[in-house]
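These notes concern the structure reproduced below.
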Amino acid sequence: AMDLQKILLFIKTKYNLILLGFIAFLGFILRIYDLKKQSYWIDEGYSINAAKAILDNGYPLLSSGTLYTTHIANSYIIAFTSLLFGNNEFGYRIGSVIFGTGTIILIYLLAKKIFNSNKIALVSAFLLSFSTLAIGWSRQARSYSQLQFFYLLAIYFYYLLWQKFSTKNFIFFSIFSLLTYFTHQITIVFFPIALLGLAIKYREKIKEKIDIKKIKTFTVVTLTFVIFLVITYSYSKSFFQNLSTNYDNYFTRYSLFLIYTNFLITSTALIGALYLLIKKTHRTLGYYLTIVLLLPFLMIANLVNVTNFRYIFFLLPLLYILSSYIFFYLTDQFFKNKNIRIFFVIFFLIINFFTLTFYPRDKYYLEDGTPLPNFSLAYEEIKKTIKPNDVIISPYTPIDELYLDKSNYGLVFSFSGRKTDLDIALTQKTNRHNNVPMVLNANQLKNITTTKHGYIIIDEMFINHTSKELHEAIR
């Protein structure tokens, strides 16, 4: 009887953590379920290729001689998990599953810290745990799940700094900010905003304590940071090199993506953010959320001249937190009866049903612009008839190596679909990922296909993004 009482007391006092653990466990099951089933897609091939280079060389030096610095932290994570679990879909993808599950815990901790509310924290964790978009990206051998995890850690310590400055929290913030950056360099837009925000918030204290010694220290720190930016600029410049040349309204595209995929969450989160900024007693919190959510979104949507909606995926947990906050604020204001409030919580979750997944699936649609052809099916058919001397011609040579352990020729195309990028690609005679020769025109293709036997593997993105000459030759 005493043991039962202890168990009941534990459940009563720790029910929030027990419920969080249950939510995270279900999220983990959804993320890990049949992880090998879905075919590799194009970008996974690049990440896995870099991870293999790390295992061979200790760092991501590709066989082409190129140092693959994109998503470098992710490359090391994939290399490590493949050592533990094997060179297969599970081994390459399990890291994203683990970080995606960890993010469910982090969103709870962040929401609890910001609003001091278990119900806001639990509903935020619930939404992220069962988010179709979050589950899908947590099953890929790419960096987006890790990016979200490290970004939440960075802004958690940034919130602590926002409340009260301390050297310890600044060190943790800096560490996780660097991990965020080296997971995906798109987040370089966050650092100057965050540091400027801290400088403005503590400007009076900075004025009071300023002296020559600290000016010297500040100068050294600033110069170190500038040197860091100069060194790492080459890692990030590919995202910003096309600014304003052929400007398109990418802001509208990114905004509409959020509205179409998460209309209720996005609209209520916006209301929540506006309320915090308008309400004088909450304005400081509103400024914090502006720095960690709104400004990074605006900069990415306006500066990155490409439509990759996954670039804003790391901000999704903040939308869930804001949406949960304004929902509970309104229900607490207008409905005093506890049963009615519970009804509206259930109703809130139900109307978000179409953005959530509650049953295990082996395939997920990620986004427009992320091609997901069934490579595994195509390569399985090729394996049935391929001969040792057959050649493989494909736009995605790392995918060839994943499925066939060989790659002979690459087909030229533009990832963005822009002619300017195609013109650049046409100057590259070998593939930067594995150094195979590139087929740049119809004559080259004809010479190969008339003298050798093999296979040409293409998909819709290649057809739409290659030269007209090469497209006509393949047809």
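- Side-chain atoms of Thr183 and Asn74 include no donor-acceptor pair closer than 3.5 Å.
- Aromatic rings of Phe90 and Phe85 (six-membered ring for Trp) have centroids within the 6.0 Å cut-off, being under it.
- The side-chain hydrogen bond (donor to acceptor under 3.5 Å, both in side chains) contacts involving residues 270-284 comprise Tyr275-Tyr329, where partners must be two or more places apart or lie in separate chains.
- The aromatic rings of Tyr325 and Phe115 sit parallel, their planes meeting at an angle under 30°, below the 60° perpendicular limit.
- Classification of the Tyr159-Tyr288 ring pair by plane angle, with boundaries at 30° and 60°, yields perpendicular.
- Under the salt bridge (charged side-chain N to carboxylate O under 4.0 Å, His left out) criterion, Arg93 pairs with Glu44, not counting sequence neighbours.
- Aromatic pair His71/Tyr46: centroids not less than 6.0 angstrom apart.
- Taking the six-membered ring for Trp, Phe353 and Phe358 have ring centres closer than 6.0 Å.
- Figure legend: cation-pi geometry between Arg253 and Tyr250, with NZ or CZ positioned under 6.0 Å from the six-membered ring centre and within 45° of its axis.
- Using a 4.0 Å cut-off between charged nitrogen and carboxylate oxygen, Asp423 and Arg418 do not count as a salt-bridge pair.
- Here the two rings, on Phe375 and Tyr396, have centers that are under 6.0 Å apart.
- Without hydrogens or angle criteria, Tyr151 side chain to Val292 main chain gives a donor-acceptor distance under 3.5 Å.
- Partners of Ser166 by side-chain hydrogen bond (donor to acceptor under 3.5 Å, both in side chains), not counting sequence neighbours, listed by chain and number: Asn169.
- Within the structure, side-chain hydrogen bond (donor to acceptor under 3.5 Å, both in side chains) contacts touching residues 101-120 (residues at least two apart or in different chains) are Tyr108-Asn118, Lys112-Asn118, Lys119-Asp332.
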Quick one: side chains of residues 54-66, donor-acceptor pairs under 3.5 Å with protein atoms, not counting sequence neighbours, listed by atom name and distance.
from	atom 1	to	atom 2	distance (Å)
Asn57	ND2	Ala53	O	3.1
Asn57	ND2	Leu61	O	2.9
Ser63	OG	Asn434	O	3.3
Ser64	OG	Thr66	N	3.4
Ser64	OG	Thr66	OG1	3.1
Ser64	OG	Arg432	O	2.4

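- Note: Phe172 and Phe157 meet the aromatic proximity criterion, with ring centroids under 6.0 Å apart.
- With a 4.5 Å cut-off on side-chain heavy atoms, Leu20 and Asn16 do not count as touching.
- Ring geometry, Phe170 versus Phe165: the interplanar angle falls from 30° to 60°, so the pair is classed tilted.
- Classification of the Phe149-Phe99 ring pair by plane angle, with boundaries at 30° and 60°, yields perpendicular.
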Exercise for the section: For Leu372 and Gln38, run side chain to side chain contact (heavy atoms under 4.5 Å, CB included): C-alpha distance rounded to whole Å, both residues' side-chain angles, the deciding distance at 0.1 Å, then the answer. Expected result: CA-CA 9 Å; Leu372 298 169; Gln38 190 161 357; 4.2 Å; yes
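- Applying the side-chain hydrogen bond (donor to acceptor under 3.5 Å, both in side chains) test to residues at least two apart or on different chains, the pairs with a partner in residues 265-274 are Thr268-Ser323.
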